[in-house]
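Structure record follows, encoded as structure tokens.
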2 protein chains.
Amino acid sequence: MSETTEISKPRDIILDVAMHLFGKQGYTGTSMRDIANGVGMLPGSLYAHIQSKEVLLSELVERGIARFLTAIEPILDQEISASEKLRAAIKAHITVVAENPERSLVVFHQWRFLGKKNMDLAVKARRRYESAFTTIMEQGIAAGLFNPKLHVKIAVRTLLGALNWTPEWYSAEGPLSADKVGDIMAETLMQGFLARA
Amino acid sequence: MSETTEISKPRDIILDVAMHLFGKQGYTGTSMRDIANGVGMLPGSLYAHIQSKEVLLSELVERGIARFLTAIEPILDQEISASEKLRAAIKAHITVVAENPERSLVVFHQWRFLGKKNMDLAVKARRRYESAFTTIMEQGIAAGLFNPKLHVKIAVRTLLGALNWTPEWYSAEGPLSADKVGDIMAETLMQGFLARA
DNA sequence: CCTACCGATCGGTAGG
DNA sequence: CCTACCGATCGGTAGG
């Protein structure tokens with residue numbers, strides 16, 4: 001509306017529509033005609049802005065993972081305890097999911113449909129994300145804050161499973177803010193279900 | 001091979017092939033030609049045994065959820081503590097996932113592609129599954145075994161998220177048996193990450 | 001369970 | 001970004 005308002009480029013609109021549809025219907029369940037329809041142009045016209053359906057997916061997955069990585073990695077360098085880092089990382093993750101649950105569904109599930117080269121890139125980025133949590137977990141154990149009997153690999157996968165499942169149920173219309181949900185999940189995972197003496 | 005060996009009916013073979021393909025490529029990413037190919041018949045011949053692609057999916061989802069329900073619900077009636085119930089339920093869940101991770105992926109993700117009627121059935125069954133864990137959680141809190149400050153709804157979703165994510169990483173070829181993985185996950189979730197004094 | 005086929009839809013392109 | 005179209009593939013069927 002104002003003079004400084006950026007007019008969204010067609011390519012960004014296409015990416016945005018594709019993100020929502022890939023999240024809702026899956027990559028293979030979405031046709032270029034669906035996307036064109038959502039954007040408001042004819043199917044063939046899409047190719048004036050993008051090269052192929054797979055490049056669309058690849059760019060969405062790549063950008064999506066990057067969003068998670070940039071939210072979490074700075075936390076590793078902060079001068080706070082491992083428990084504070086873990087709590088902050090969990091909250092950051094939920095915040096990124098809440099920003100756009102559909103994007104998260106694309107990142108978590110649709111990478112399977114990438115071609116080999118792009119899939120390798122995505123897998124590598126996801127490993128890097130997982131390793132951030134592994135690092136925090138190991139720091140916590142080394143500092144005597146975390147249970148030394150933890151099976152780190154399984155603990156990290158348990159944690160990431162809980163986090164990666166959140167786009168399945170989190171709703172911005174729910175009673176709890178993303179920040180609050182993150183807080184509660186962090187507390188639940190760190191304290192455990194059992195009562196403490 | 002023996003006289004008592006049941007010869008698999010074509011319909012069961014089709015269901016089995018469909019389960020693997022729907023798990024690996026998704027429902028919309030799998031064609032009836034893919035399935036026919038895996039079974040070893042021509043595409044049109046499938047329809048001598050099944051009514052439609054969606055009926056195939058619906059039957060797989062229905063049976064799959066039932067597998068989880070029958071594994072968990074008897075535990076609710078056992079005369080054991082809530083912590084023992086929760087541990088048993090977690091192990092039962094991992095065992096069912098490990099039996100067939102692809103079936104679990106179908107159950108957890110492909111139900112979205114069911115038509116309204118079948119989807120409603122699936123959602124109802126999944127709610128029933130979730131409520132089994134809610135019941136255990138509430139029993140544990142009432143018995144003073146579980147942390148009374150738990151946010152039950154989020155705790156259950158955190159737990160189920162961790163469990164539902166296991167088909168993404170569990171491998172029968174890994175070093176740990178399903179039972180052992182279940183044990184470790186149960187311990188991790190019940191004790192929490194933090195060291196206990 | 002095969003042969004032979006249906007209309008619809010797919011990802012993508014040439015030319016303007 | 002539209003017009004007009006390509007060959008390939010889709011779920012499914014009739015008749016045997």
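Lettering follows sequence order; numbering is per chain, from 1. FYI, side chains are in, hydrogens and waters are out, and symmetry mates aren't considered; it's all heavy atoms of this structure. Note that the structure is predicted; figures quoted are calculated from it, not measured.
The pairing partner recorded for C/dC10 is D/dG7, the criterion being a Watson-Crick or G-U wobble arrangement whose two distances lie under 3.5 angstrom. Searching all strands for a Watson-Crick or G-U wobble partner of C/dG15 with both distances below 3.5 Å returns D/dC2.
With contacts defined as side-chain heavy-atom distances shorter than 4.5 Å, the pair A/K91/A/R87 qualifies. Taking 4.5 Å as the limit, every side-chain heavy atom of B/N147 sits out of range of all side-chain heavy atoms of A/R196.
Ring geometry for B/F68 against B/H93 counts as tilted: the plane angle lies between 30° and 60°, on a 0 to 90° scale. Between A/F193 and B/F146, the ring-plane angle classifies as tilted under the 30° and 60° cut-offs.
Residue order along DNA chain C, read from the 5' end via each residue's closest nucleotide, puts A/D34 first among A/D34 and A/G44.
As a whole-Å value, the separation of A/L46 CG from C/dG12 P is 10 Å. Between the C1' atom of D/dC10 and the CG atom of B/N37 lies a distance of 15 Å, rounded to the nearest Å. Atom CG in A/L21 sits about 16 Å away from atom C1' in C/dC10, given to the nearest Å. Atoms CD (B/E54) and P (D/dC10) sit 19 Å apart, rounded to a whole Å. Atom CD1 in B/I13 sits roughly 13 Å away from atom C1' in C/dC1 (whole-Å rounding). What separates CZ of B/R11 from C1' of C/dC1 is a distance of 16 Å, to the nearest Å. Taking atom CD1 of B/I50 as the reference point, atom P of C/dC1 lies 13 Å away to the nearest angstrom. As rounded to whole Å, 15 Å separates atom P of C/dC1 from atom CD1 of B/I35.
Applying the 4.0 Å criterion to OP1 and OP2 of C/dT13, one finds that A/Y47 has every side-chain N and O outside that range. The phosphate of D/dT9 (OP1 or OP2) has no side-chain N or O of B/S31 nearer than 4.0 angstrom.
Among the protein residues, A/P10 comes within range of the sugar-phosphate backbone only, with heavy atoms under 4.0 Å from sugar or phosphate atoms but none that close to a base. In this structure, B/T28 reaches neither bases nor backbone, as no heavy-atom distance under 4.0 Å exists between it and the strands shown.
Out of C/dC1, C/dG11, D/dC1, the shortest distance to the side chain of A/M41 is found at D/dC1. With D/dC1, D/dC10, C/dC1 as the candidates, the nucleotide lying closest to the side chain of B/R33 is D/dC10. Closest contact between the side chain of B/M32 and the listed nucleotides D/dG11, C/dG12, D/dC2 involves D/dG11. Picking from D/dC1, C/dC1, C/dT3 the nucleotide with the shortest atom distance to the side chain of B/L42 gives C/dT3.
Two rings, from A/H109 and A/W165, have their centers 6.0 Å or more apart.
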